[in-house]
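See below for the structure under consideration.
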There are 2 protein chains.
Amino acid sequence: MVKSEKDNTRDRILGAAKKVFQSKGMAGARMQDIADEAGINKALLHYYFSSKAKLFEVIFKEAFSQFFPKINAAIDADIPLEDKIRFFCSEYIDMMKQNPFLPLFVLYEMNSRPKQFAKEMWHNRQSPLQRFTIQIEKEVKKKNIRAVNPTELFINMLSMLVFPFVGKPLWMAASGMDELAFNQFMEERKTSIPNFIIESLNK
Amino acid sequence: MVKSEKDNTRDRILGAAKKVFQSKGMAGARMQDIADEAGINKALLHYYFSSKAKLFEVIFKEAFSQFFPKINAAIDADIPLEDKIRFFCSEYIDMMKQNPFLPLFVLYEMNSRPKQFAKEMWHNRQSPLQRFTIQIEKEVKKKNIRAVNPTELFINMLSMLVFPFVGKPLWMAASGMDELAFNQFMEERKTSIPNFIIESLNK
DNA sequence: GTCTATAACTCGATAGAC
DNA sequence: GTCTATCGAGTTATAGAC
């Protein structure tokens with residue numbers, strides 16, 4: 001076990017805060033919950049992070065940014081479009097399996113502060129959607145795929161990847177799936193979603 | 001203007017509570033906010049609904065149940081499958097346009113109490129998914145459509161309908177759409193989503 | 001039914017000892 | 001750096017007048 005990285009108080013706080021904020025949200029989380037989870041007391045939280053808002057900001061930014069490296073890596077990879085889509089879907093589902101509360105947390109807090117959020121979002125870089133669009137248009141021009149609306153394609157793909165996770169209690173209650181069956185279901189979607197998408201691109 | 005229905009205090013409270021709870025969530029909402037919105041004082045809230053939790057429960061159940069009459073009506077309609085899908089997508093998008101906070105509110109609060117939620121959900125009736133599954137299997141048997149996994153089809157459709165609404169700030173920041181463009185975009189999806197789905201069913 | 005006033009409690013934040 | 005103790009603001013809920 002590596003100690004130097006994980007065993008200092010600051011990192012324990014961050015780990016605890018991540019867990020509590022992601023499951024209860026900013027408004028629902030209590031500093032006491034975070035302190036308990038980290039095995040320390042409230043005063044020490046304020047010693048490391050001066051306020052609840054500051055601590056939340058750190059956690060939210062980290063959670064939000066976690067969504068994009070994978071998108072960017074997939075978009076920029078020097079492989080055929082079809083492989084990119086397969087790669088991206090598989091990686092994204094893995095990430096959400098490991099962080100099941102992440103999507104709803106980000107969506108909820110983002111919608112609570114849409115204005116503030118819009119400003120800081122891409123730090124003046126090109127958005128993944130813009131870069132995806134350029135690539136799709138190139139493929140259309142080369143007649144490798146039929147003419148499609150790239151925004152629509154992008155949103156459809158992300159919808160089918162993310163929504164099953166945020167609606168999980170719904171599917172479980174409606175179909176009788178348990179935790180294990182749900183995970184198996186998402187595992188199968190690593191291929192069924194790309195198949196569905198790619199099929200629609202072949203004229 | 002109809003007065004008898006809307007102008008009594010109880011209904012004013014319910015309207016105010018719906019607005020506040022849906023935009024701020026259970027944890028973020030304040031009884032004072034609801035009282036202000038309704039134009040009354042806090043004490044009167046407790047006179048009509050004994051506690052915040054009770055009032056929330058009424059609002060949540062109403063919001064949750066709002067999702068399903070349309071699904072059921074579409075599933076049970078005596079029209080061809082293709083028409084059902086088109087009808088359902090169009091109605092569902094209209095509903096979410098009129099209640100933009102509804103989907104995220106329900107998803108978030110549902111995920112906060114997945115256990116309690118699972119019990120009460122369908123009141124022992126057949127879930128929409130189960131009824132949808134029966135219909136799809138019938139169509140497959142008649143060879144009207146190719147063999148598909150009904151659960152997957154159902155979740156894909158719902159994903160593409162709902163997720164664009166909960167991720168709205170994301171698309172707006174990523175693509176530069178404004179409110180008007182977003183509404184136009186969703187209007188177009190009333191046809192593009194069914195097209196996408198139906199196409200995948202024709203072998 | 002509706003209000004004002006306030007009790008009872010929760011929670012973020014700080015003071016100060018070690 | 002870490003703790004205990006406590007303050008003070010904000011919140012749910014109730015008492016009681018009208």
Side-chain angles (χ1 to χ4, degrees), chain A residues 1-63 101 105 108-109 112-113 116, chain B residues 1-63 101 105 108-109 112-113 116:
Chain A
M1 189 98 98
V2 182
K3 268 204 161 186
S4 54
E5 276 278 67
K6 279 281 170 186
D7 236 29
N8 62 72
T9 305
R10 195 169 191 279
D11 290 339
R12 291 241 309 288
I13 292 175
L14 285 172
K18 179 179 167 180
K19 189 168 172 182
V20 174
F21 276 133
Q22 286 198 12
S23 59
K24 302 195 179 185
M26 168 62 173
R30 302 284 160 248
M31 294 297 264
Q32 187 66 61
D33 301 335
I34 299 173
D36 292 348
E37 181 73 34
I40 56 167
N41 58 58
K42 283 188 292 177
L44 207 47
L45 290 181
H46 285 93
Y47 175 79
Y48 280 94
F49 302 88
S50 49
S51 70
K52 183 184 177 185
K54 284 264 170 58
L55 180 53
F56 174 80
E57 203 188 331
V58 173
I59 299 299
F60 180 74
K61 285 195 170 153
E62 191 211 335
F101 293 109
F105 170 67
Y108 191 78
E109 301 296 341
S112 305
R113 309 164 188 70
Q116 175 206 327
Chain B
M1 188 97 101
V2 182
K3 269 203 158 185
S4 54
E5 274 283 66
K6 280 279 173 187
D7 236 30
N8 61 72
T9 305
R10 195 169 190 281
D11 289 341
R12 291 242 309 288
I13 292 175
L14 285 172
K18 178 178 168 181
K19 190 168 172 182
V20 173
F21 276 132
Q22 285 197 14
S23 60
K24 302 194 179 184
M26 168 61 173
R30 302 284 159 247
M31 293 296 264
Q32 186 66 61
D33 301 336
I34 298 173
D36 292 348
E37 182 72 33
I40 55 165
N41 57 57
K42 285 185 291 178
L44 208 47
L45 292 181
H46 286 92
Y47 175 78
Y48 280 94
F49 302 89
S50 50
S51 69
K52 183 183 176 184
K54 284 263 170 57
L55 180 52
F56 174 80
E57 202 188 331
V58 173
I59 299 298
F60 179 73
K61 284 194 172 154
E62 190 211 334
F101 292 109
F105 170 68
Y108 191 78
E109 301 297 343
S112 303
R113 310 164 187 70
Q116 176 208 326

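All chains are named by letter (A, B, ...) in the order of the sequence lines, taking the proteins before the strands, and each is independently numbered beginning at 1. Note that the coordinates shown come from a computational prediction; the quantities given were computed from them, not determined experimentally.
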TODO: Identify which nucleotide among C:dT14, D:dT14, C:dG1 has an atom closest to any side-chain atom of B:Y48, counting heavy atoms from C-beta outward.
DONE: C:dG1
Task: Closest non-hydrogen atom pair between B:M31 and B:L45, with its separation - done: O-CD1, 3.3 Å
Task: Pairwise salt bridge (charged side-chain N to carboxylate O under 4.0 Å, His left out) hits with a residue in residues 13-35 of chain B, at least two apart - done: B:K19-B:E37, B:K24-B:D33
Task: Pair listing, ring pair (Phe, Tyr, Trp, His ring centres under 6.0 Å) test, anchored in residues 15-55 of chain A, at least two apart - done: A:F21-A:F56
Open item on the list: Would you compute the distance between atom NZ of B:K52 and atom NZ of B:K42 and round it to the nearest 0.5 angstrom?
Closed with: 12.0 Å
Open item on the list: Within a 6.0 Å radius of atom CZ on A:F60, are there more than 12 heavy atoms belonging to other residues, nucleotides or ligands?
Closed with: yes
TODO: Check whether any side-chain nitrogen or oxygen of B:T9 sits under 4.0 Å from OP1 or OP2 of C:dT2, and answer yes or no.
DONE: yes
Open item on the list: For A:I13 versus A:L44, what's the shortest heavy-atom pair and its separation?
Closed with: CD1-O, 4.2 Å
TODO: Return the nearest nucleotide to the side chain of B:L44; candidates are C:dA15, C:dT2, C:dA13.
DONE: C:dT2
TODO: Round to the nearest Å and state the distance from A:F49 atom CZ to C:dG12 atom C1'.
DONE: 16 Å
Open item on the list: Looking at every heavy atom in both B:A63 and B:F105, which two are closest together, and how far apart are they?
Closed with: CB-CE2, 3.8 Å
Open item on the list: Using whole Å, what does the distance between atom P of nucleotide C:dG12 and atom CD1 of A:I13 come to?
Closed with: 14 Å
Open item on the list: If I take atom NZ in residue A:K52 and atom P in nucleotide C:dT14, what distance separates them, rounded to the nearest angstrom?
Closed with: 15 Å
TODO: Using heavy atoms and a sub-4.0 Å distance, could you list which residues of residues 26-41 of chain B are near DNA chain D? By number, please.
DONE: B:A29, B:R30, B:M31
Open item on the list: How many whole angstroms separate atom CZ of A:F56 from atom C1' of C:dG12?
Closed with: 16 Å
- [ ] Rounded to the nearest angstrom, tell me the gap between atom CG in B:L55 and atom P in D:dT11.
- [x] 17 Å
Open item on the list: Is A:H46 close enough to C:dT14 that one of its side-chain N or O atoms is under 4.0 Å from OP1 or OP2 there?
Closed with: no
Open item on the list: Without decimals, in angstroms, what is the distance between B:F21 CZ and D:dT12 C1'?
Closed with: 12 Å
- [ ] Using atom CG of B:L45 as one end and atom P of C:dG1 as the other, report the distance to the nearest whole Å.
- [x] 15 Å
TODO: For A:Y47 and for A:A43, locate the closest nucleotide of DNA chain D by heavy-atom distance; then report the residue assigned to the nucleotide nearer the 5' terminus.
DONE: A:Y47
TODO: From the options D:dT2, C:dA13, D:dT14, select the nucleotide whose nearest atom is closest to the side chain of A:K42.
DONE: C:dA13
